[in-house]
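Here is the structure we will look at.
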Amino acid sequence: FRAAADLDFVGETLPVEVTGTLRAADAAARARLGLGATDEVALVTAELAISVKGTALRTSDSFDADRIPITVSLVLVKQR
């Protein structure tokens, strides 16, 4: 998937583009996660990046590069 989004970061709202995947967990993934064979599970991975220059951190010397990559992984389990 690909989506435009707003990220609240250090008191500012930053426009970002998010890309990622959404897939159903197979039996091996459910087992690794300690979930039951009949559990309905979706695995989500999302990636985005922010520019330090575009944030409240722009005056910080703590970063080697302007671009900060962010990866988010989610395990979604349907509750019964």
Side-chain angles (χ1 to χ4, degrees):
F1 63 86
R2 179 178 302 269
D6 290 326
L7 174 68
D8 289 330
F9 184 77
V10 192
E12 298 180 73
T13 301
L14 307 173
V16 294
E17 182 176 290
V18 182
T19 59
T21 60
L22 169 65
R23 63 184 174 88
D26 60 16
R30 286 193 304 274
R32 280 192 311 276
L33 294 165
L35 299 168
T38 60
D39 287 332
E40 295 179 49
V41 182
L43 305 175
V44 181
T45 301
E47 296 181 353
L48 60 115
I50 62 172
S51 167
V52 174
K53 290 178 186 173
T55 72
L57 302 175
R58 60 186 151 267
T59 58
S60 174
D61 294 333
S62 300
F63 299 94
D64 295 332
D66 176 54
R67 185 176 177 276
I68 301 172
I70 299 170
T71 300
V72 178
S73 297
L74 303 172
V75 176
L76 305 175
V77 181
K78 182 177 181 181
Q79 298 296 306
R80 295 186 180 131

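Note that the CG atom of L7 and the CG atom of L14 stand 5.5 Å from one another [nearest 0.5 Å]. Remark: L43 CG to L76 CG distance equals 8.0 Å, nearest 0.5 Å.
Taken together through direct or relayed side-chain contacts under 4.5 Å among Ile, Leu, Val, Met, Phe, Trp and Tyr, V44 and V16 form part of one hydrophobic cluster. Under a hydrophobic-cluster definition in which Ile, Leu, Val, Met, Phe, Trp and Tyr are linked whenever side-chain heavy atoms come within less than 4.5 Å, directly or via other members, L35 and L74 are assigned to different clusters. Residues F1 and I70 are members of one and the same hydrophobic cluster, defined by side-chain heavy-atom contacts under 4.5 angstrom among Ile, Leu, Val, Met, Phe, Trp and Tyr.
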Distance-only donor-acceptor pairs under 3.5 Å for side chains of residues 19-29, two or more places apart:
residue, atom, partner, partner atom, Å
D26, OD1, A28, N, 3.3
D26, OD1, A29, N, 2.8

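Remark: R67 pairs with no residue by the side-chain hydrogen bond (donor to acceptor under 3.5 Å, both in side chains) rule, at least two apart or across chains. Applying the side-chain hydrogen bond (donor to acceptor under 3.5 Å, both in side chains) criterion to D8, with sequence neighbours excluded, gives T13.
Inter-residue side-chain proximity for D6 and P15 is flagged as met; some heavy-atom pair is nearer than 4.5 Å.
Listed here is the closest heavy atom pair of D66 and S51: OD2-OG, 2.6 Å.
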